[in-house]
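Quantities reported herein were computed from a predicted structural model and do not represent experimental measurements. Chain letters run A, B, ... following the sequence lines, proteins first and then strands; every chain starts at 1.
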Amino acid sequence: MQTGAIDLASIPGPMDLQATLESGQTFRWSRLDGRTYEDPAPSGGDAWYRTVHDGEVIEVRQTAAALEWRSTFDATETLSRRLRLDDDLGSILEEVPGDEVVARAVERFAGMRLVREPFWETLVSFILSAQMRVERIHQLVETLATTYGDPVEWRGETLYSFPSSTALAEQSERDLRDLGVGYRAPYLRETAAMIAAEAVSPAAVASSPYETARETLTSLVGVGPKVADCVLLFSLGFAEPVPLDTWIRSAIEEHFPEAAAGSYDDTSRAIRDRFGPHPGYTQTYVFHHLRTTDRAEVGRGD
DNA sequence: CTCCAGGGAGCCT
DNA sequence: AGGCTCCATGGA
């Protein structure tokens with residue numbers, strides 16, 4: 001086991017590990033204290049989080065002065081990349097618009113960073129996310145790993161990597177359904193086969209202009225504009241996507257009604273203009289704020 | 001019991 | 001292009 005610490009003073013801008021990992025951007029980190037995303041500890045806690053990255057175990061927690069990690073390898077670079085520790089979040093948040101809901105969201109979760117999670121597991125997570133609650137997505141992603149992933153031994157425990165596209169493509173639709181993924185089973189299977197066959201290259205998508213990238217991803221089965229936006233935002237580092245889910249749509253209707261009309265693309269473009277130079281960041285703050293707030297209190301500043 | 005969840009595919013016009 | 005219906009499953 002190796003251990004290390006990333007000094008918070010070395011990270012440009014604020015850092016909030018809990019908000020970053022529990023805001024529905026990623027479903028591959030588990031809290032070691034047994035709490036779930038739906039029943040989190042009070043913010044400011046120092047819980048350990050764990051994932052398996054490319055066969056390596058990484059555990060991380062935030063203390064007063066650092067991000068502390070322990071791992072099967074030197075996790076510094078991987079953590080920095082996955083949690084976007086290089087983002088100058090102080091400057092980014094200064095450029096977020098001052099609208100009531102947005103400002104309240106930033107006030108609550110300043111330090112929440114976008115993530116840059118591995119492409120395949122992000123794609124699978126958001127294919128499963130259709131009509132599914134956040135905590136349930138997390139459970140299903142864990143179940144997929146324990147069922148089809150490769151075992152990794154860690155301090156007397158057996159953990160599991162996320163299964164490859166090939167491993168999932170080999171499963172029958174029936175077996176996938178039996179895990180509880182419901183009607184998404186064929187989406188998962190067919191997209192796994194397409195990725196295994198390299199029908200879509202993550203690297204090529206990542207280097208494309210935003211609209212082209214989104215168009216390419218929607219060629220995958222079970223991937224429409226919303227899921228594509230999530231993958232581009234939470235895995236491939238795009239700044240523009242504003243995934244229009246039920247929460248954001250209702251927020252747009254209430255607070256930005258002039259942007260609510262028209263197609264997904266129309267609304268997407270209109271709200272991007274209102275969300276400042278980092279629309280994806282703005283969206284993620286608003287989403288997390290809404291999802292963790294009673295409807296009546298949204299926009300209120302306590 | 002009903003309603004809904006980080007939507008998308010298939011079909012219709 | 002845009003609208004409608006159906007799609008599993010579990011929790012409130």
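Applying the side-chain hydrogen bond (donor to acceptor under 3.5 Å, both in side chains) test to residues at least two apart or on different chains, the pairs with a partner in residues 155-168 of chain A are A:Arg50-A:Glu157, A:Glu153-A:Thr158. Residue pairs meeting the salt bridge (Lys or Arg N to Asp or Glu O under 4.0 Å) criterion with at least one member in residues 186-207 of chain A, sequence neighbours excluded, do not occur. Applying the ring pair (Phe, Tyr, Trp, His ring centres under 6.0 Å) test to residues at least two apart or on different chains, none of the pairs has a partner in residues 204-223 of chain A.
In summary, the side chains of A:Asp266 and A:Ser263 do present a donor paired with an acceptor at a separation below 3.5 Å, with no hydrogens or angles considered. In this model, no donor atom of one side chain and acceptor atom of the other lie less than 3.5 Å apart for A:His255 and A:Glu100.
Between the P atom of B:dG6 and the CD atom of A:Glu135 lies a distance of 11 Å, rounded to the nearest Å. Taking atom CG on A:Leu217 and atom C1' on B:dG6, their separation rounds to 16 Å, with Å as the unit. Per the geometry, CH2 belonging to A:Trp247 stands 11 Å off P belonging to B:dG7, to the nearest Å. Going from atom CZ of A:Arg291 over to atom P of B:dC4 covers 18 Å, rounded to whole Å. Atom-to-atom, CZ of A:Arg133 to P of B:dG6 comes out at 6 Å; the value is rounded to the nearest Å. Note: CG (A:Leu244) to C1' (B:dG8) measures 14 Å, nearest angstrom. Regarding A:Phe126, its CZ atom lies at a distance of 16 Å from the P atom of B:dA5, rounded to whole Å. Separating the CD atom of A:Gln139 from the P atom of B:dG6 is a distance of 12 Å, rounded to the nearest angstrom.
The salt bridge (charged side-chain N to carboxylate O under 4.0 Å, His left out) search around A:Asp87 returns A:Arg84, not counting sequence neighbours. With sequence neighbours left out, A:Glu215 forms a side-chain hydrogen bond (donor to acceptor under 3.5 Å, both in side chains) with no residue at all. By the side-chain contact (heavy atoms from CB on, under 4.5 Å) test, A:Ala228 is found to be paired with A:Arg214, A:Leu217, A:Thr218, A:Val223, residues two or more places apart in sequence or in another chain being considered. For A:Gln25, the side-chain hydrogen bond (donor to acceptor under 3.5 Å, both in side chains) partners at least two apart in sequence or on another chain are A:Ser23. In this structure, the side-chain hydrogen bond (donor to acceptor under 3.5 Å, both in side chains) partners of A:Glu68, at least two apart in sequence or on a different chain, are A:Arg61.
Contact footprint of chain A on DNA chain C: nucleotides with an atom under 4.0 Å from a non-hydrogen protein atom, first to last in 5' to 3' order, C:dG2 to C:dG11.
Side-chain contact between A:Leu220 and A:Ile195: present, with at least one pair of heavy atoms (C-beta onward) separated by less than 4.5 Å. With a 4.5 Å cut-off on side-chain heavy atoms, A:Leu144 and A:Leu168 count as touching. The closest side-chain heavy-atom distance from A:Leu114 to A:His278 is not below 4.5 Å.
Across B:dG6 and C:dT5, the matching P atoms stand 24 Å from one another, rounded to whole Å. When the C1' atom is compared between B:dC1 and C:dG11, the two are found 14 Å apart, to the nearest whole Å. For the C1' atoms, the distance from B:dA9 to C:dG10 is 23 Å, rounded to whole Å.
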Base-pairing string, 5' to 3', of DNA chain B - Watson-Crick or wobble, under 3.5 Å, | interstrand
.||||.|||||||

Is there a side chain to side chain donor-acceptor pair (under 3.5 Å) between A:Thr293 and A:Arg108? Walk through the geometry before answering.
CA-CA 11 Å; A:Thr293 310; A:Arg108 279 184 74 192; 2.5 Å; yes

Listed pairs, N/O of protein and of nucleotides 9-13 of chain B, under 3.5 Å:
| unit_1 | atom_1 | unit_2 | atom_2 | d |
| --- | --- | --- | --- | --- |
| B:dA9 | OP1 | A:Gly222 | N | 3.1 |

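If you check every strand for non-hydrogen atoms under 4.0 Å, A:Arg184 touches a base. Residue contacts for A:Gln283: at a heavy-atom cut-off of 4.0 Å it reaches a base atom on one of the strands shown.
Near DNA chain B, meaning a heavy atom under 4.0 Å away, the residues from residues 227-235 of chain A are A:Val227, A:Phe234.
An aromatic stack links A:Phe287 and the base of B:dG6, using centre distance under 5.5 Å and interplanar angle under 30°.
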